Protein chains: 2
Amino acid sequence: MEPAQIDPTRERLLDEAEKLFALKGFDAVSVREITSRAESHLSAVNYHFGTKKNLYLSVFEERWIPRARRVATKLDVLEKNNVTSVEVMVHTLAEAFMRGFGDDRERLMHQQLIQREMSHPTEALEMIAEQVTKPVFLRLKNMIVSHQPSQNNGEDMFLCLFSVFAQIFFFNFGRNMVSLLTGREYDPAFRDQVVDHITNFSLYGLNGRLTES
Amino acid sequence: MEPAQIDPTRERLLDEAEKLFALKGFDAVSVREITSRAESHLSAVNYHFGTKKNLYLSVFEERWIPRARRVATKLDVLEKNNVTSVEVMVHTLAEAFMRGFGDDRERLMHQQLIQREMSHPTEALEMIAEQVTKPVFLRLKNMIVSHQPSQNNGEDMFLCLFSVFAQIFFFNFGRNMVSLLTGREYDPAFRDQVVDHITNFSLYGLNGRLTES
DNA sequence: GTCTATAGCAGGATAGAC
DNA sequence: GTCTATCCTGCTATAGAC
């Protein structure tokens, strides 16, 4: 099925499709728009992917999931060095997802795609859950609980991990609201501030903030 | 502009439009679908709202914003009773947004609409920020800092409030992913568990969980 | 294999009967 | 004011020229 030789037209189609699906969502994007941006032709999509829907799923198979796996390798160093500090773990995690992509645009695109899938799942969400989210969460859970005297069960730790990811997602997809209320732009300084905030909030919650001297 | 007498056709159109826009998003919904569910006719939308876009904005003006204000009144009792416990505040806040709607469907619809606006803003987001989010956040910030010896500035407290809302949003719009990973359904028991989790995580973060005996 | 042409259908908006 | 009929545009998918 996969061509041994990479087809550059097919690659451009996947690139532009991913950008547009993230920006506007499946229904708001036309195949014509994708092909014209990819400097290709309407029927090239049909030739390479059969249908628009299958192009969408291919974006996840061939772009999104490999990228998510790449970002997840940022956690390898923690395991290799046998890091025991939860603070370092959470900071690494937050930084990996807030800054561990090629650039800001790529990170936003990546997270807008998963956000759409989470609120309106297609076949892609199950692929992602099985191949990415579940393995990553299990690794994180084991890293944390193996160094801690906690009696928490796995489900409770999963909820905590969701709370960390919830913040990462919110500060990306909700950046418009955040900017409207804080008056801050998403420049590198603010992003660093957000990473520190997520780390501190996830570790100590509100009490840590309110009682610090 | 507003009719003194409420037009039942107009009301049904707003009701069905809100449901469908929340479920599928602006582009994926056709006016024909809205009018057929409202047992009305295609041109009724044109007559009452002019355009599809204006119907969408009217949903926020006449449904979403009034509902958000209604939910926000759940915070009044805290001010009236001069509550000083941050734990009570956060729990009230989480419960108001996790359970303080007519029913589960209404809450999900409400939060899917704001989620879409946050990631892809239209004129509606500015209305919401001005008329709902900013006033609520200011109230919450003042309630918390007026009882605390904290030196935190307002911006930092805003980030904390975003982190609380981030979790509320995530456990709603991301419920598919949460269910896939935990195997739990969103029954009332799980929702109570989530409210408690958000309260605890927001107050004490991971450390509170890991060091509890 | 690439691209043109087009089938076949659904969309938003409107005009006009009543 | 309500509803039918229709316009025009844009869509996906396909057939077939080259």
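Order of the sequence lines fixes the chain letters, A, B, ..., with proteins taken first and strands second; residue numbering starts at 1 for each chain. What you are looking at is a predicted structure, and each value in this text was computed from that prediction instead of being measured. Scope of the values below: all heavy atoms of this structure, side chains included, with no hydrogens, waters or symmetry mates.
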**Q** Atom CG of A:D7 to atom C1' of C:dG1: distance rounded to whole Å?
**A** 10 Å

**Q** With no hydrogens and no angle check, just 3.5 Å: does a side-chain donor-acceptor pair link A:E185 and A:S179?
**A** no

**Q** Think B:S30 has a side-chain N or O under 4.0 angstrom from the OP1 or OP2 of C:dG11?
**A** yes

**Q** Report all side-chain donor-acceptor pairs from residues 123-132 of chain B shorter than 3.5 Å, counting only partners two or more places apart or in another chain.
**A**
from, atom 1, to, atom 2, distance (Å)
B:E123, OE1, B:K53, NZ, 3.3
B:E130, OE2, B:K134, NZ, 3.3

**Q** Would you check if the side chain of A:K74 reaches a backbone N or O of A:E95 as a donor-acceptor pair within less than 3.5 Å?
**A** no

**Q** What's the CD-P distance between A:E33 and D:dC11, to the nearest Å?
**A** 8 Å

**Q** Rounded to whole angstrom units, what separation is found between the CG atom of A:D27 and the P atom of D:dG10?
**A** 18 Å

**Q** Quick check for you: among D:dT4, D:dC11, C:dG12, whose closest atom lies nearest to any side-chain atom of B:H41?
**A** D:dT4

**Q** Residues from residues 42-53 of chain A sitting under 4.0 Å of DNA chain D, heavy atoms only?
**A** A:L42, A:S43, A:N46, A:T51, A:K52

**Q** May I have the distance from B:R10 (atom CZ) to D:dT2 (atom C1'), rounded to whole angstrom?
**A** 16 Å

**Q** Ion pair present between B:D27 and B:K52, side-chain N to carboxylate O less than 4.0 angstrom?
**A** no

**Q** Using the ring centroid of each side chain, check whether A:Y186 and A:F171 are separated by less than 6.0 Å.
**A** no

**Q** A:Y56 has an atom OH; how far is it from atom P of D:dA13, in whole Å?
**A** 15 Å

**Q** If you pin B:T9 and B:R32 to their nearest nucleotides in DNA chain D, which one's is more 5'?
**A** B:T9

**Q** Among residues two or more places apart or on two chains, list those pairs meeting salt bridge (charged side-chain N to carboxylate O under 4.0 Å, His left out) that have a residue in residues 191-202 of chain B.
**A** B:R99-B:D192, B:D104-B:R191

